[in-house]
Amino acid sequence: DWQAVEKADDATLVDLLSMILPFAPEEKQALLEAPDIAARGEALVALLRFTTQAAIDPDPGTWH
């Protein structure tokens, strides 16, 4: 429901994505332990970047 996403404030969106995205339990725990919503948002973006890069290049130690 993109209308609901567009209406959601940043904190709600960060919390919702932190809950529903398929991160490992350790990663979800790190998101929960973030000291504030800004830190949680930064951690969420870092996790998304990491998982996106891992999907693009699952073995970064090899040359293509």
Rounded to the nearest 0.5 Å, the CZ atom of Arg49 sits from the CG atom of Leu47 at a distance of 11.5 Å

Nearest atoms (heavy-atom pairs only) where Lys28 meets Met19:
NZ-O, 2.5 Å

Side chain to side chain contact (heavy atoms under 4.5 Å, CB included) partners of [X], counting only residues at least two apart:
X: Thr12; answer: Ala8, Asp9
X: Ala4; answer: Asp1
X: Glu6; answer: none

Taking distance alone, no hydrogens or angles, what donor-acceptor pairs closer than 3.5 Å link side-chain atoms of residues 34-45 to residues at least two apart or in another chain?
| unit_1 | atom_1 | unit_2 | atom_2 | d |
| --- | --- | --- | --- | --- |
| Asp36 | OD1 | Ala38 | N | 3.2 |
| Asp36 | OD1 | Ala39 | N | 2.8 |
| Arg40 | NE | Leu31 | O | 2.9 |
| Arg40 | NH1 | Asp15 | OD1 | 2.8 |

Do the non-hydrogen side-chain atoms of Phe23 and Leu48 ever get within less than 4.5 Å of each other?
yes

Give every residue pair that meets the side chain to side chain donor-acceptor pair (under 3.5 Å) criterion with at least one member in residues 16-27, sequence neighbours excluded.
none

